[in-house]
Amino acid sequence: MGKEHGHVNWMDQIFKEYEREGGLKNNPGFGKPLMESALSGNIFEGQGCRLPSFG
């Protein structure tokens, strides 16, 4: 089944809406360099990424 049968892929709809609304260009950080803190440290021990401790 394709578009000729009235079926439209939901991912196509989401992407078209994303493009129409400007995509990442509406993000306040678009085109700006990452903060130094985002490029350092251990990704597994970062804020909000605490692994459970067993024992």
Side-chain angles (χ1 to χ4, degrees):
M1 274 197 197
K3 292 181 182 179
E4 64 276 0
H5 296 288
H7 174 76
V8 178
N9 185 337
W10 61 274
M11 285 300 294
D12 289 339
Q13 290 176 336
I14 291 170
F15 188 73
K16 285 178 185 175
E17 182 178 326
Y18 170 80
E19 285 182 314
R20 186 175 53 249
E21 293 178 358
L24 288 177
K25 292 180 182 173
N26 293 331
N27 185 328
F30 181 77
K32 296 179 182 174
L34 292 173
M35 297 183 304
E36 185 73 29
S37 62
L39 304 174
S40 63
N42 184 337
I43 62 169
F44 298 108
E45 295 178 4
Q47 292 178 331
C49 295
R50 304 268 183 241
L51 296 175
S53 59
F54 300 101

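- Considering only residues two or more places apart in sequence or on other chains, M11 meets the side chain to side chain contact (heavy atoms under 4.5 Å, CB included) condition with N9, I14.
- Checked against side chain to side chain contact (heavy atoms under 4.5 Å, CB included), E19 has the following partners two or more places apart in sequence or in another chain: F15.
- Minimum interatomic distance between L24 and F30 (heavy atoms only, all atoms of both residues): O-CB, 3.3 Å.
- For the side chain to side chain contact (heavy atoms under 4.5 Å, CB included) test, residues two or more places apart in sequence or in another chain that qualify with E17 are R20, E21.
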